[in-house]
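Note sheet for the following structure.
Quick caveat: nothing in here was measured; it's all calculated off a predicted structure. The basis for the numbers below is simple: all heavy atoms, side chains too, and nothing from hydrogens, waters or symmetry mates. Here, residue 1 is the first one in the sequence, and each next residue gets the next number.
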Amino acid sequence: MAHVIERESWAEAADHWKGELQCGQFGANSCLIFNYQPTVGGGPRLHKHPYSEIFVIRSGTGLFTIGDREITATAGQILIVPPTTPHKFTNLGPGPLESTDIHENGHFITEWLE
């Protein structure tokens, strides 16, 4: 069965792509985070997942720490983080950092490391 998921069910704000959706409830093996980091230096602290995470950078510039690597990523790039790899990112500015983050699991499993 196909599902249509309305914006109001996942979006935190009407004027930004910001929010998350656990798709397992709809039979999909993925979760989505629509990330909007307006503040320079903003972003999640170090964490890991037992599954891969894919970051699609839609706008802005971020500094991603993935394992022992630091990667500056910009709009149009895609980063893939392997399972159990510690990672975090911060907005380098000057404007917002926007990404779509795809978790390869039907619900979020996150171990915070800092």
Side-chain angles (χ1 to χ4, degrees):
M1 173 191 341
H3 298 275
V4 177
I5 300 147
E6 300 298 336
R7 181 185 176 93
E8 358 357 288
S9 70
W10 62 264
E12 294 179 20
D15 58 341
H16 300 298
W17 278 76
K18 180 175 175 62
E20 56 187 50
L21 179 67
Q22 297 189 66
C23 300
Q25 63 189 317
F26 305 106
N29 194 33
S30 61
C31 291
L32 302 172
I33 298 176
F34 300 100
N35 229 318
Y36 177 79
Q37 295 291 333
T39 308
V40 173
R45 61 192 193 277
L46 192 68
H47 63 284
K48 64 182 180 177
H49 314 284
Y51 47 79
S52 294
E53 183 173 4
I54 301 164
F55 295 91
V56 179
I57 313 305
R58 295 190 341 256
S59 68
T61 304
L63 178 63
F64 286 73
T65 301
I66 301 173
D68 60 358
R69 290 184 65 193
E70 287 194 341
I71 300 167
T72 300
T74 59
Q77 291 183 311
I78 297 171
L79 304 174
I80 301 174
V81 178
T84 71
T85 303
H87 59 283
K88 66 180 180 178
F89 62 88
T90 57
N91 178 7
L92 292 177
L97 172 63
E98 295 185 75
S99 64
T100 300
D101 310 342
I102 304 164
H103 289 234
E104 291 187 327
N105 201 55
H107 63 279
F108 293 115
I109 302 172
T110 303
E111 180 182 344
W112 296 100
L113 304 172
E114 61 179 28

[atom2] on [Y] to [atom1] on [X], rounded to 0.5 Å:
| X | Y | atom1 | atom2 | value |
| --- | --- | --- | --- | --- |
| Ile33 | Gln22 | CD1 | CD | 9.0 Å |
| His103 | Asn29 | NE2 | CG | 12.5 Å |
| Tyr51 | Phe108 | OH | CZ | 6.5 Å |

May I ask whether [X] and [Y] are part of the same hydrophobic cluster, defined by side-chain heavy atoms of I, L, V, M, F, W, Y residues being less than 4.5 angstrom apart, directly or through others?
| X | Y | value |
| --- | --- | --- |
| Ile71 | Ile80 | no |
| Phe55 | Ile66 | yes |
| Leu63 | Leu46 | no |
| Phe34 | Ile57 | no |

>> Does Val4 form a side chain to side chain contact (heavy atoms under 4.5 Å, CB included) with Glu6? I'd like the steps, not just the answer.
In response: CA-CA 6 Å; Val4 177; Glu6 300 298 336; 3.7 Å; yes
For the student: nearest non-hydrogen atoms of [X] and [Y], plus distance:
| X | Y | answer |
| --- | --- | --- |
| Pro86 | Leu113 | CB-CD1, 3.7 Å |
| Ser99 | Arg58 | O-NH1, 3.2 Å |
| Pro82 | Ser52 | CA-OG, 4.1 Å |
| Leu79 | Ala73 | CD1-CB, 3.8 Å |

Taking side chain as C-beta onward, heavy atoms only, is [X] less than 4.5 Å from [Y]?
| X | Y | value |
| --- | --- | --- |
| Cys23 | Cys31 | no |
| Asn35 | Leu97 | no |
| Phe89 | Gln37 | yes |
| Ile102 | Leu32 | yes |

> Has Asp68 got more than 12 heavy atoms of other residues, nucleotides or ligands less than 6.0 Å from its CG?
Replying inline: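 Check fails, neighbour count at 12 or below.
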>> Is it the case that atom CZ in Arg7 sees more than 12 heavy atoms from other parts of the structure closer than 6.0 Å?
In response: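 More than 12 within 6.0 Å, yes.
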> Looking at the rings of His87 and Phe64, which for Trp means the six-membered one, are their centres under 6.0 Å apart?
Replying inline: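 When the ring centroids of His87 and Phe64 are compared, they turn out to be at least 6.0 Å apart.
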> Hey, mind stepping through Leu21 and Phe26 against side chain to side chain contact (heavy atoms under 4.5 Å, CB included) and telling me if it holds?
Replying inline: CA-CA 10 Å; Leu21 179 67; Phe26 305 106; 4.0 Å; yes
> How far apart are the C-alpha atoms of Glu12 and Tyr36, what are their side-chain angles, what is the distance that settles it, and do they pass the side chain to side chain contact (heavy atoms under 4.5 Å, CB included) test?
Replying inline: CA-CA 10 Å; Glu12 294 179 20; Tyr36 177 79; over 6 Å; no
> Are the side chain of His107 and the backbone N or O of Asn105 linked by a donor-acceptor pair below 3.5 Å?
Replying inline: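 A pair under 3.5 Å: no.
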> Does the pair Thr72 and Thr61 meet the rule for a side chain to side chain contact (heavy atoms under 4.5 Å, CB included), with working shown?
Replying inline: CA-CA 7 Å; Thr72 300; Thr61 304; 3.6 Å; yes
> Of the options Lys48, Glu53, His49, which is the one that meets Thr110 in a side-chain contact (heavy atoms from CB on, under 4.5 Å)?
Replying inline: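 Among the candidates, only His49 passes.
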